[in-house]
Structure formats: structure tokens, C-alpha cells
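Some notes on the structure that comes next.
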Protein chains: 2
Amino acid sequence: MATSNGSSASADNKTAEKVLSAASRLFYANGVRAVGIEWIVAESGVAKTSLYRHFQTKDELVAAFLEREDHEFWEQWDEVVAAAPDDPTAELMALLAWIGGRVSRDGYRGCPQINVAAEFADAEHPARRIRRRHKAAMLERLRVLVRRIGVIRPDDTAMQLALLIDGAFTSDGRLTKAGAVRILQNGADALIGHLRANERNSRAARQGSGKRRRIVS
Amino acid sequence: MATSNGSSASADNKTAEKVLSAASRLFYANGVRAVGIEWIVAESGVAKTSLYRHFQTKDELVAAFLEREDHEFWEQWDEVVAAAPDDPTAELMALLAWIGGRVSRDGYRGCPQINVAAEFADAEHPARRIRRRHKAAMLERLRVLVRRIGVIRPDDTAMQLALLIDGAFTSDGRLTKAGAVRILQNGADALIGHLRANERNSRAARQGSGKRRRIVS
DNA sequence: CGTGTGCGATACCGATCGGTATCGTTAAGG
DNA sequence: CCTTAACGATACCGATCGGTATCGCACACG
């Protein structure tokens with residue numbers, strides 16, 4: 001059903017892969033409109049002809065970039081979840097530790113979905129569509145998670161967590177690694193703890209949260 | 001010290017004002033790089049020559065756009081604060097009601113500071129500088145506010161509120177007006193309530209928050 | 001009544017944009 | 001060994017990019 005290629009979405013060909021990886025780097029670092037095709041050609045070491053053999057238009061290349069980003073994001077998300085203890089609160093904290101580390105890395109330039117989508121006015125542009133789907137997926141995953149945690153208004157709480165995370169994505173270097181993780185985890189703890197359904201679990205979790213927050217560093 | 005002009009930052013001249021207002025509209029709706037000078041010329045009804053008489057480069061026009069946005073944002077912020085009761089928590093809720101309304105308006109396309117800055121790779125580009133200053137100013141105002149509220153870790157709480165707000169700015173139509181205000185205010189209530197210094201005030205505030213949240217709608 | 005300053009119109013600049021056409025080369029598979 | 005398909009190199013396309021130069025006109029002010 002798929003090629004033997006172990007890599008991620010699209011770019012099953014080696015030439016296409018060189019193009020897509022170079023384009024991804026350049027798009028992310030400079031913005032889509034600031035990167036011309038010739039720049040991608042130079043950086044990828046692939047002929048312009050070949051580039052257009054695999055991607056008919058620049059927009060298609062942009063879409064492939066975002067699709068891959070989306071795919072890799074959920075791949076890592078699932079890995080973090082798999083490594084976390086089977087407790088929804090611990091799962092959330094592990095995810096926030098991962099995100100905190102991600103946004104405080106050197107050269108982090110924000111969420112590619114947000115950045116790229118902002119460059120296109122048409123709401124039906126591929127970039128806008130992929131971004132909507134990506135963000136809807138995150139919100140849905142957070143909903144499932146906070147329902148398992150057992151908060152009173154899971155939809156609102158999930159959205160609050162989504163806003164917190166998207167805010168971190170656009171923090172633009174204002175967060176150090178330690179600070180990012182602490183701020184995200186304590187913030188989430190307040191958001192879920194405040195409205196937790198069963199007060200017993202709530203109290204216990206708040207006491208033990210100091211340990212649980214450190215599961216993924 | 002200033003011209004008699006009652007309008008906002010820069011563009012003290014009528015021609016310059018026409019250029020800047022047209023450019024602002026186009027930049028915000030389409031992104032900076034997607035808008036060519038000729039488009040601004042056509043939309044403003046001003047000759048290209050005149051445009052370049054008032055703004056030497058496109059970057060300067062971009063900077064003027066962001067400076068004005070920054071200025072108007074704090075102007076409105078101050079108005080909201082002035083209209084709110086002299087209670088820090090009520091002030092915060094009023095600000096969030098304002099922001100909730102803002103991000104759920106038709107045609108809202110996100111925070112211009114965030115959007116425009118994302119289009120430039122150079123961290124010393126005017127757009128990036130203005131954005132940093134703008135976001136630092138917001139964080140500082142939130143710090144002062146949460147200190148007055150009296151939370152345990154004001155710096156962290158202020159950053160959490162900033163993330164929540166920036167997240168709302170990038171929510172891209174996922175928030176209805178009613179939902180936005182409720183989610184922001186309840187979120188902020190959890191963030192400040194959870195860590196409030198004096199438990200008595202905390203408990204009282206949580207009970208009365210349903211009323212207090214509706215001060216500005 | 002002159003005079004200067006700001007504006008509009010237009011033509012133009014080199015550079016770059018996304019995208020195509022042509023053609024010679026390379027390499028893998030039967 | 002020969003076919004075939006993919007790739008590289010290059011030249012080219014019209015359109016647009018940000019920015020400038022030239023010039024004629026209108027109008028406010030002394």
C-alpha cells in the first residue's frame with residue numbers, strides 16, 4: 001500500500017525528497033513568499049526542471065511542506081504519549097514538556113502552520129486548509145484528553161489549553177526552556193485543576209504534581 | 001510639541017495618511033509581501049511619486065503600519081481600563097472581554113504584529129523590533145496587573161495570560177464572540193484564582209465571577 | 001502677481017518572480 | 001546491448017517587483 005520508504009509523507013522519490021527538505025528549511029526560516037524557486041533549486045542541488053517534475057506549482061510544494069510538518073508533529077505527539085504513564089494528567093504534562101522544549105529551541109521561528117497560513121489571504125488556499133485541519137485535530141485531541149482527566153467543561157478547557165499552546169508557539173524567543181515547561185505545566189494545572197470534577201483527585205494531583213511534571217524533561 | 005492633527009502616530013500629512021491607511025488595510029488583509037507598491041498606489045489614489053516622498057522604502061511603510069497598530073492598540077487598552085471599575089481583577093476581565101470581541105470580529109486575521117513579523121527572517125528587521133517591543137509591553141502591563149491582583153508568582157502568571165491572549169490572536173475564526181470572552185475570562189480566572197495569595201479573596205471572587213465577568217461585554 | 005512647493009502622470013530601470021521549452025547526459029532494466 | 005525514463009543545464013517567457021527620473025500642473029502664500 002505504501003513504498004518501502006521509511007520517511008514521512010510524500011516525497012517517495014530521492015530527488016523529490018531533496019527538493020522538499022530544502023524547501024522546508026527555507027520556507028520555515030524565511031517565510032514562503034520570501035523564498036523563490038531558484039533559491040530552492042540552488043539549495044537542493046536539483047535542477048529546476050526536476051523540481052517541476054515532482055511539484056507542478058510552488059503552492060503544491062508549500063502544501064507538501066505543511067502536510068509533512070503536520071504528519072511529523074502528530075508522529076512526535078504520539079511518541080510522547082506512548083512514553084508517558086497511562087494517566088491522562090501525566091500525559092498532558094508530558095506533552096507540555098515536549099512542547100516547552102520545542103518552542104525554546106534555538107532557531108525556533110514559531111508554528112509553521114500559523115506562519116505560512118498567515119501569508120495567504122484566501123481562506124481556501126491549501127495552506128489555510130491544512131492549518132485549519134491541523135488546529136482542529138489538536139483541539140480534538142485535547143478535548144479527548146481533558147475528558148479523560150474529568151473536567152467540568154471539557155470543550156472550554158481544551159480550547160484554553162489550545163490557546164496556551166498556540167501562544168507558546170508564537171512566543172518568539174521570550175521563553176527559556178525551563179521557563180517554558182514550568183509556565184505551560186503550571187498553567188495547564190491551573191486550568192484543569194480549577195474545574196476538576198472530583199475534588200479528591202484534584203487535591204491529590206496538586207500535591208503530587210511536582211513529581212509528575214518531571215516525567216519528561 | 002505635536003502637530004494639531006488629532007489622528008494617530010505618523011502620517012501628519014493628508015497624502016501620507018491616505019497612503020498609510022490604504023497600505024495598512026492591504027497589508028493586514030493580504031500580508032506584506034503579497035502587496036506590491038503599485039497596489040497601494042491604486043488603492044490610495046495617490047501617485048507613486050508622492051508615496052515615495054513620504055516613505056522612502058516599503059520597509060518604512062511597513063514599520064509605520066506596525067507603529068500605528070501598536071499605538072492604537074494601547075490607546076484602546078487604556079480606554080478599556082479607564083472604563084473598568086478600579087479593581088485589578090475587574091480590569092483584567094474587562095480587557096479580556098475587549099480582546100475576545102476583537103478576535104471574533106468578522107474579517108479578523110490575527111495580530112498584525114505577529115503576522116507581519118513572521119514574514120521577515122532578520123531578527124533586526126523593523127517589523128521584528130516593533131513586534132518585540134509590543135509584546136514586551138503587553139507582558140509588562142500584565143505583570144503590573146497580576147501583581148495588583150496579588151498572585152503568588154506574578155511573572156509566570158503574567159506570561160500565562162500573555163500566551164492565552166496570543167493564542168486567541170492566532171485562533172483564526174475558531175472562536176465565536178460569546179465563546180471567546182467566556183473562554184478567556186474563565187481561563188484567566190483559573191490562572192489567577194489557583195495561585196491567589198489570600199484564600200479569602202479567592203473564594204469570594206470565584207463566587208462573584210459570574211457577575212464580574214460581564215462588566216464589559 | 002509671481003513663485004515655490006507638493007502632487008499626479010508616465011515612462012523607465014535592473015532584478016526577480018513563477019513557470020516552460022529544448023536538449024544532451026546518465027543510469028537502470030530487460 | 002539497447003531502450004527508456006529520469007535528471008541536469010540553460011535559455012527563455014511575460015509579469016511583476018521595489019524604486020527612480022522627468023515633467024507639467026495646481027494652488028497656497030508672500
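Chain naming here is simple, since letters A, B, ... match the order of the sequence lines and numbering starts at 1 in each. Predicted model only: the values in this text are computed from it and were never measured.
Atom CH2 of B/Trp39 and atom P of D/dT16 are 12 Å apart (whole Å). Rounded to an integer number of Å, the gap from NZ of B/Lys14 to P of C/dG8 is 13 Å. Per the geometry, NZ belonging to A/Lys18 stands 16 Å off P belonging to D/dA6, to the nearest Å. Distance B/Leu51 CG to D/dC17 P: 13 Å, rounded to the nearest Å.
Contact annotation: A/His54 side-chain N/O to D/dA6 OP1/OP2 distance is not under 4.0 Å. Proximity of B/Ser50 to the phosphate of C/dG8: a side-chain N or O atom is located under 4.0 Å from OP1 or OP2.
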Check nucleotides 18-24 of chain D for protein N or O atoms closer than 3.5 Å to its own N or O atoms and list the pairs.
unit_1, atom_1, unit_2, atom_2, d
D/dG18, OP1, B/Lys58, NZ, 2.6
D/dG18, OP2, B/Ile37, N, 2.8
D/dG19, OP2, B/Tyr52, OH, 3.2
D/dG19, OP2, B/Lys58, N, 2.8
D/dG19, N7, B/Lys48, NZ, 2.9
D/dG19, O6, B/Lys48, NZ, 2.2

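A salt bridge links B/Arg68 with B/Glu17: the distance from a Lys NZ or Arg NE/NH1/NH2 to an Asp or Glu carboxylate oxygen falls below 4.0 Å. A/Glu67 and A/Arg129 are not joined by a salt bridge, as no carboxylate oxygen comes within less than 4.0 angstrom of a charged side-chain nitrogen.
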Report all side-chain donor-acceptor pairs from residues 166-173 of chain A shorter than 3.5 Å, counting only partners two or more places apart or in another chain.
unit_1, atom_1, unit_2, atom_2, d
A/Asp166, OD1, A/Lys135, NZ, 2.8
A/Asp166, OD2, B/Arg174, NH2, 3.0
A/Thr170, OG1, A/Gly167, O, 3.1
A/Ser171, OG, A/Ala168, O, 2.7
A/Asp172, OD2, B/Arg131, NE, 3.4

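Using a 30° and 60° split on the angle between ring planes, A/Trp98 and A/Trp77 fall in the perpendicular class, above 60°. Under the 30°/60° scheme for interplanar angles, the aromatic rings of A/Phe65 and A/Phe27 are found to be tilted. Using a 30° and 60° split on the angle between ring planes, B/Phe73 and B/His134 fall in the perpendicular class, above 60°.
When the shell of 6.0 Å around CG of A/Asp122 is examined, it contains more than 12 heavy atoms from other residues, nucleotides or ligands.
In terms of the side-chain contact (heavy atoms from CB on, under 4.5 Å) criterion, residue partners of B/Thr57 (sequence neighbours excluded) are, by chain and number, B/Asp59, B/Glu60. Judged as a side-chain contact (heavy atoms from CB on, under 4.5 Å), and not counting sequence neighbours, the contacts of B/Pro126 are B/Ala63.
Listed by residue number, there are no residues of residues 120-127 of chain B with a heavy-atom contact under 4.0 Å to DNA chain D.
Base pairing in DNA chain C gives the following stems of 3 or more Watson-Crick or G-U pairs, range against range and under 3.5 Å: C:1-30 with D:1-30.
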What verdict does the side chain to side chain contact (heavy atoms under 4.5 Å, CB included) test give for B/Leu61 and B/His54, after you've listed the backbone C-alpha separation in whole Å, the side-chain angles of each residue and the deciding distance to 0.1 Å?
CA-CA 9 Å; B/Leu61 192 46; B/His54 294 279; over 6 Å; no
Give the intermediate values and the outcome of side chain to side chain contact (heavy atoms under 4.5 Å, CB included) for residues A/Lys58 and A/Val32.
CA-CA 9 Å; A/Lys58 189 188 179 184; A/Val32 166; 4.1 Å; yes
